[in-house]
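Input: a single structure, listed below in structure tokens.
Both ligands and their constituent atoms are indexed starting at 1 by order of listing.
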Amino acid sequence: MDRLINQAAEIILDSGLTLALTGAGISVESGIPDFRSADGLWSRFDPAEYATITAFRKDPEKVWRMLREMEQVVSKARPNKAHKGMGELEKMGVLHFIITQNVDNLHQAGGAKNVIEYHGNFSTLSCLWCGKSYLTEDKKGEYVPKCECGRILKPDVIFFGEAIPEDALERSFELAASAQALMVVGTSAVVSPANAIPSIAKQNGARIIEINKEATRLTDTVTDVFIQGMAGEVIPALVEAIKTKV
Ligand code: APR
């Protein structure tokens, strides 16, 4: 692995614009299950029944049961060594933007500032019917939070069937088109449009570094350097390798 870590460190130090695309795998070591591993969230909740905007409109109380279970875990989660290591790379000026599919706010808690949230986040709730929005904090006493208009509120996370926030989509594709290096950490790369980012970057000459506990559909197609391992171990080793070279 050392040889691969060194190769990745060289790529990052040679790059004038380095991005990261992260998925649920980077937060597993913080205690948040990912979605598609054996014991992932979708092995317990069918996404077609719990994670689409149609399902929410049809039975919001049922979806809130899954959301509350997720929130229980997310609220106790703290940034792990991978989040902190990426925050350090940003501080060192060698990682410029993190595009995350996660809604757990752990990159920000781990020190990163330039975080593009592809799938929104849990910190606010909105009413699909009257448009009013609330801070999640202000509604934490309500198991199924309600709007003053009486309807059940939805967290501002992106459900299947909803559009990615326009600014996040535009900014991420723009950056991917001019990136010279892209780190892909802890994502199965099965959900679009986030999974288009590695190929956009690759087509424009970026070198792709993939960090995952197992190979994905990217590994034999767009990945240049595949480092197989837990993000919480690989990222700190990568930070150390970069430090010894600067
Ligand atoms: N270190 C590195 N990689 C890991 C670790 C770890 N400790 N634990 C899991 N992984 C990897 C898994 O091997 C898998 O490839 O992280 C990836 C997680 O994939 P998914 O569970 O599919 O999560 P993600 O790619 O983020 O899903 C994308 O799908 O359901 C939607 O909105 C949801 O944002 C999510 C999107």
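Side-chain atoms of Thr124 and Ser133 include no donor-acceptor pair closer than 3.5 Å. Under 3.5 Å, the side chains of Asp34 and Ser37 contain a donor-acceptor pair of N or O atoms.
Set against the non-hydrogen atoms of Gly23, the atoms of ligand 1 under 4.0 Å away are 26 (O). Within the listing of ligand 1, atoms 1 (N), 2 (C) sit less than 4.0 angstrom from a heavy atom of Gly229. Using a 4.0 Å cut-off to heavy atoms of Gly186, the atoms of ligand 1 that qualify are 3 (N), 16 (O), 17 (C), 18 (C). Taking every non-hydrogen atom of Val28 and a distance limit under 4.0 Å, the qualifying atoms of ligand 1 come out as 8 (N). Below 4.0 Å from some heavy atom of Glu29 lie the following atoms of ligand 1, by number and element: 1 (N), 6 (C), 7 (N). Remark: ligand 1 atoms within the under-4.0 Å shell around heavy atoms of Thr187 are 15 (O), 16 (O), 17 (C), 24 (P), 25 (O). In the vicinity of Trp42, heavy-atom distances shorter than 4.0 Å reach the ligand 1 atoms 30 (O). Within ligand 1, counting atoms from 1 as listed, the ones closer than 4.0 Å to a heavy atom of Glu214 are 13 (O).
Across Ile227, Val185, Thr216, a single residue satisfies side chain to side chain contact (heavy atoms under 4.5 Å, CB included) together with Glu210, and that is Thr216. Checking each of Leu19, Val184, Thr221 against Pro198 for a side chain to side chain contact (heavy atoms under 4.5 Å, CB included) leaves exactly one that passes, namely Val184.
The two residues Ala201 and Ile208 have their closest heavy-atom pair at CB-CD1, 4.1 Å. Considering every non-hydrogen atom in both Pro79 and His83, the closest pair reads CA-ND1, 3.6 Å. Shown here for Ala82 and Ile235, the closest heavy-atom pair between the two residues is O-CG2, 3.7 Å. Across all non-hydrogen atoms, the minimal contact from Ala206 to Asp224 is O-OD2, 4.0 Å. Across all non-hydrogen atoms, the minimal contact from Ile152 to Trp129 is O-CZ3, 3.5 Å.
Residue-to-ligand polar distances place Ala24 within reach of ligand 1: an N/O pair is separated by less than 3.5 Å. Ligand 1 has no nitrogen or oxygen under 3.5 angstrom from a nitrogen or oxygen of Val191. For ligand 1, the polar-atom distance check against Thr216 finds no nitrogen or oxygen pair separated by under 3.5 Å. For ligand 1, the polar-atom distance check against Met230 finds no nitrogen or oxygen pair separated by under 3.5 Å. Residue Gln101 has at least one N or O atom closer than 3.5 Å to an N or O atom of ligand 1. For ligand 1, the polar-atom distance check finds an N/O of His119 within less than 3.5 Å of one of the ligand's N/O atoms.
Atom 3 (N) of ligand 1 has its closest protein heavy atom at Lys213 N, 3.3 Å. What sits closest to atom 11 (C) of ligand 1 on the protein, heavy atoms only, is Asn212 OD1, 3.2 Å. When only non-hydrogen protein atoms are considered, atom 19 (O) of ligand 1 lies nearest to Ser188 N, 3.3 Å. Atom 27 (O) of ligand 1 has its closest protein heavy atom at Arg36 NH1, 3.0 Å. Ranking protein heavy atoms by distance to atom 33 (C) of ligand 1, first place goes to Phe35 CE1, 3.6 Å. Protein heavy atom at the shortest distance from atom 1 (N) of ligand 1 is Ala231 N, 2.9 Å. The protein atom (non-hydrogen) at minimum distance from atom 4 (C) of ligand 1 is Gly25 CA, 3.7 Å.
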Residue pair Glu162, Lys154: steps toward the salt bridge (charged side-chain N to carboxylate O under 4.0 Å, His left out) verdict: CA-CA 12 Å; Glu162 285 192 289; Lys154 176 188 159 296; 3.2 Å; yes

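A distance of 8.5 Å separates OH in Tyr118 from CD in Gln101, rounded to the nearest 0.5 Å. Rounding to the nearest 0.5 angstrom, the gap separating the OG1 atom in Thr18 from the CG atom in Leu175 is 11.5 Å.
Arg171 forms a cation-pi arrangement with Phe97, by the criterion of a distance under 6.0 Å to the ring centre and an angle within 45° of the ring axis.
Between Ala194 and ligand 1 there is no heavy-atom distance shorter than 4.0 Å. No heavy atom of Tyr118 sits closer than 4.0 Å to any atom of ligand 1.
In the hydrophobic cluster analysis, where Ile, Leu, Val, Met, Phe, Trp and Tyr join through side-chain heavy atoms closer than 4.5 angstrom, Val103 is grouped apart from Ile32.
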